[in-house]
Amino acid sequence: MSSDAYMSSDDDRPLGSLQNDGKANTGRGTANGYAKEEASDSPMSEDEDMPLSQVTAPKSEPVTPAKSLRRKRAAALDSSSEDDDTPLASSPVKQSAAISMPGTSKASTVNGHKAVKAESDGKRSSTAAKKKRASTKKGPPQKKLKREDHDASESPASEGEESTPVKKEKVSRKRKSKVKEETDAEVEEAGKSKSAKKRAVSKKVKDGADGSATPQPKKKGKVKDEAEDEEEVYKWWEAQQNNDGEVKWQTLEHNGVIFPPPYEPLPSNVKMRYKGKEVDLPLESEEVAGFYAAMLETEHAQDATFNKNFFEDWLKVLQDHPPRNKIKITNFEDCDFRPMFEHFEAEKAKKKALSTAEKKELKKQKDAFEEKYVTCLLDGRKEKVGNFRVEPPGLFRGRGDHPKKGALKFRVRPDDITINIGEGTPIPVPNMPGHWKAIVHDQTVTWLANWVENVNGNYKYVFLAAGSSLKGQSDMQKFEKARELKNHVDRIRKDYSADLRSKVMADRQRATAMYFIDKLALRAGNEKGEDEADTVGCCSLRCEHVTLEAPDFLIFDFLGKDSIRYYNRVSVDPQVFKNIKLFKDNKEDSDNLFDRVNTSLLNKHLASYMKGLTAKVFRTYNASITFQQQLDEGTPMNATIQEKLNAYNHANRMVAILCNHQRSAPKTHEQSMGKMRDRLRSLKYDRMKLRHVLFNTDPKYKKQKQYADDESDLDDDWIEDHEKSLKNKEIEKAEKKFAKDNEKLVQEGNEPQPDSVLQEKIEAAEAEYKRVAKERGTGKAKLKRDRPPEKIEETVQKLDEKIKTFKLQMDDREAGKEVALGTSKINYLDPRITAAWCSAHNVPIEKIFSKTLLVKFPWAMEVDDAWKF
DNA sequence: TTGTTAACTTAGAACTTCCCTA
DNA sequence: TAGGGAAGTTCTAAGTTAACAA
């Protein structure tokens, strides 16, 4: 694509200023060289002098119909005065690994960045800097802490007020002609007459194994049988694909969603305190207090923003539902939620203490209740629904420095929820009072229900489960698209490498951004709003996030998705280094590094190479191709399963590091590593003893290499401690056995053994300890019972294997303590790579894919050994 | 042209179950 | 056989992206 394609008259403007809140990047005089059109290798070149960037006039927040709808709704909720309102309810990582740069054959350390978790006071831009930044994200609905009751028994007027604009909102976009919306009454009527007319278009395919046709989809009400369910796996990947990408289903039947149970008040003796006095809270305010009390010992309750937001929202609830004993709550510090916390803890303990049978019974009841929601009928086939449980009310657990963390998340009710279901299908009845907000029949989307959440105004959806055909198809398409990139990537790389020197600033910036996305697997990086945590991706990087280190190193340090810190010191193409120097020139730390690139422009450019190509595809492509290369290069031949698994995990880990997938190290990691080290030494001790026995038997063993070397990490002090502990364990064991035997004897009406029996055993253990102590340091040993040397040789060999396997497990655990392997396994690694690898190396796939993953990836399981990404 | 919305994927935390060791 | 810790699963926040609207 010609670089001129993006050269509009506006191109002179730094994009940052186009998107900010009106305070454009002004005030730095005329020296802001980055605002020019043409780029030059030298930041000092005279070409740099360009007109001042145009300033965008301050804008008030535009109000779109959907937003206005939400505001209207919020206002309506706010103005409600009904009394029956129910309140609704790090440690631093040092990862360093040398792995092949995606798309290059040379090994490099580019991706071996250090991944470090954000600390609470971690890398943040100043508030001032933040304010300078663009604020493009949609505004949240106005805060409202009261709401209208939309109970089924309410007047139709309120229903109408809500549903009319909703219709507008829901069908305003692409689907005007496809979506038909009905009122509950209309739908119920229609359901009665039309339910028989099902357009079952599912096509069962022949089972690959036996060639026999699989049975037609089960009719509703057929007796459930697990074996039968097995047979019913619909192999959509073998069926003829007739997916135009628009219509996702023909018929859809489901039972809606499960609402959480209503709030159960605390026992009358459990009360929070204010200034030491018990507060008699009405249900509504008690519930919200309870949300906080339950989190008292989590990190959330230590967070000032969280506490502030919670308290503000709670005060609003308290305004309408004040303490019955007239206590005036005004100061957060004077609140003591501990009695509530302790009550919850006690309840938890009670639940934990239930017998297995009781727990089973509860589970059975829960399963029975949920059964009808777990699955739906999609094109006549039974499919699992994913999140059919509506999110319960609570406090918003925003990550990182989210400005709204701690805010009250309302209880979602039927009149908040839009149901998407097949036309003519019976409409589910909510399991709590109220009517659905709306019913739609939109075949172009995959969701079964949605609602708008109150804290950020985000849409929430109920989708099918990961193992469903819809999700599976989309997953497979994702990987196929990533594979298709193989055919284009050389050209794309060639082009952006050339564009790194482009005279057009916008092109040069875009090329540099593409370099990062390709080489470092950065996310696209959309702009974010003031009301969100300050995190960035490639296009939204600010100058403060990248530091130059001569001759060619860049140090990236920023908070990415989920406020996870991305830290990487990486050697880059000298031209990239020059470019970053140029882009940073004359800018402030808080300015956008790429002022002429945004995700939209970047993705449009990518799409010109390949249909559907976006920044995200690069991440999938680079993850999978890296994984394939790592497996191909790193899998040992003629190795044990454990060794192969280690190679697999290593490859997986390289991808996780590339993608910066982190987890907090298990709290007990150090302790458990310590235990493992002890166990390893103990195995080595056993080996040493056996070697010494062999030496004692025949000096020839000393000359044999496999026996000659000492176990390196066994020092004298440790050996002494270990032998003492062996002795103590022996004595303990004898004592236990003695007590147990006596108990049995007494039960059988016999005399217990005399103490002397135990004493003898203790003395024997002491004697053995003394004997072993004498052997210490002599290089020779004897067994309690003689064994032929061949048998001892055999045991040493077995111990060698055990030690080797154990060491591998330890290495694996240590290397992976702060790396989350799951995310890449679930989202980025083409499962066919794993299936082919397992098959080629005789590794049972169950060792790698959990049950859920096997269910998620059935489409990938039939590839042959030679399959490559 | 630019910002917004809706729909979907990706992500770590939180919770639950399983398995191994003592 | 309990209980501690790891693995597996669920939950929901936080991204990306295409289409749409002003």
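These numbers come from the heavy atoms of this one structure, side chains and all, not from hydrogens, waters or symmetry mates. Chain naming here is simple, since letters A, B, ... match the order of the sequence lines and numbering starts at 1 in each. Just so it is clear, the model here is predicted, and its values are computed rather than measured.
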Tell me whether the count of non-hydrogen atoms from other residues, nucleotides or ligands lying under 6.0 Å of NZ in A:Lys847 goes above 12. no
Mark yes when over 12 heavy atoms from residues, nucleotides or ligands other than A:Lys478 sit less than 6.0 Å from its NZ; otherwise mark no. yes
Atom-pair distance ([atom1] on [X]; [atom2] on [N]), nearest Å:
| X | N | atom1 | atom2 | answer |
| --- | --- | --- | --- | --- |
| A:Asn598 | B:dT4 | CG | P | 13 Å |
| A:Arg619 | B:dT9 | CZ | C1' | 12 Å |
| A:Gln473 | B:dC8 | CD | P | 13 Å |
| A:Arg565 | B:dA11 | CZ | P | 20 Å |
| A:Asn827 | B:dC8 | CG | C1' | 12 Å |
| A:Trp447 | B:dT9 | CH2 | C1' | 18 Å |
| A:Asp442 | B:dA6 | CG | C1' | 11 Å |
| A:Leu821 | C:dA6 | CG | P | 14 Å |

When all nucleic acid strands are considered with a 4.0 Å heavy-atom cut-off, which category describes [X]: base, sugar-phosphate, or nothing?
| X | result |
| --- | --- |
| A:Ser600 | nothing |
| A:Thr599 | nothing |
| A:Gly560 | sugar-phosphate |
| A:Arg523 | sugar-phosphate |
| A:Phe463 | base |
| A:Gly822 | nothing |

Any donor-acceptor N or O pair under 3.5 Å, side chains [X], [Y]:
| X | Y | answer |
| --- | --- | --- |
| A:Thr599 | A:Asn526 | yes |
| A:Asp367 | A:Gln365 | no |
| A:Glu358 | A:Ser355 | yes |
| A:Thr375 | A:Glu383 | no |
| A:Tyr648 | A:Thr834 | yes |
| A:Lys528 | A:Ser540 | no |

Please tell me if [X] has a side-chain N or O lying less than 4.0 Å from either OP1 or OP2 of [N].
| X | N | result |
| --- | --- | --- |
| A:Thr614 | C:dT17 | yes |
| A:His402 | C:dA13 | no |
| A:Tyr461 | B:dT9 | no |
| A:Lys478 | B:dT10 | yes |
| A:Lys528 | C:dA14 | no |
| A:His300 | B:dA14 | yes |
| A:Lys359 | B:dT16 | no |
| A:Lys471 | B:dT9 | yes |
| A:Ser474 | B:dT9 | yes |
| A:Tyr459 | B:dA6 | yes |
| A:Lys460 | C:dA13 | yes |
| A:Arg389 | C:dT10 | no |
| A:Asn603 | C:dT16 | no |

Earlier contact from the 5' end, DNA chain C, for A:Val617 and A:Val390: A:Val390
So which one's nearest nucleotide on DNA chain C is more toward 5', A:Asn387 or A:Asp562?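 Residue closer to the 5' terminus by nearest nucleotide: A:Asn387.
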With distance as the sole criterion, do the side chain of A:Lys616 and the base of B:dT9 form a donor-acceptor contact below 3.5 Å? no
What's the closest nucleotide to the side chain of [X] if the choices are [options]?
| X | options | answer |
| --- | --- | --- |
| A:Lys248 | C:dT17, B:dC8, C:dA13 | B:dC8 |
| A:Thr620 | C:dT17, B:dA7, B:dT10 | B:dT10 |
| A:Thr535 | B:dA7, C:dT12, C:dG15 | C:dG15 |
| A:Phe396 | B:dA11, C:dA14, B:dC8 | C:dA14 |
| A:Lys363 | B:dT17, B:dA11, C:dA13 | B:dT17 |

Students should find that the end-to-end axis angle of the helix from B:dT1-C:dA22 to B:dA22-C:dT1, with five pairs defining each axis and rounding to 10 degrees, is 10°
May I ask you to decide if the ring planes of A:Phe618 and A:Tyr621 are parallel, tilted or perpendicular, using 30° and 60° as cut-offs?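 Ring orientation of A:Phe618 relative to A:Tyr621: perpendicular.
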Mapping A:Ala820 and A:Thr446 to their closest nucleotides on DNA chain B, which lands nearer the 5' end? A:Thr446
Under 6.0 Å from the six-membered ring centre of A:Phe463 and within 45° of its axis: does the NZ or CZ of A:Lys471 meet both? yes
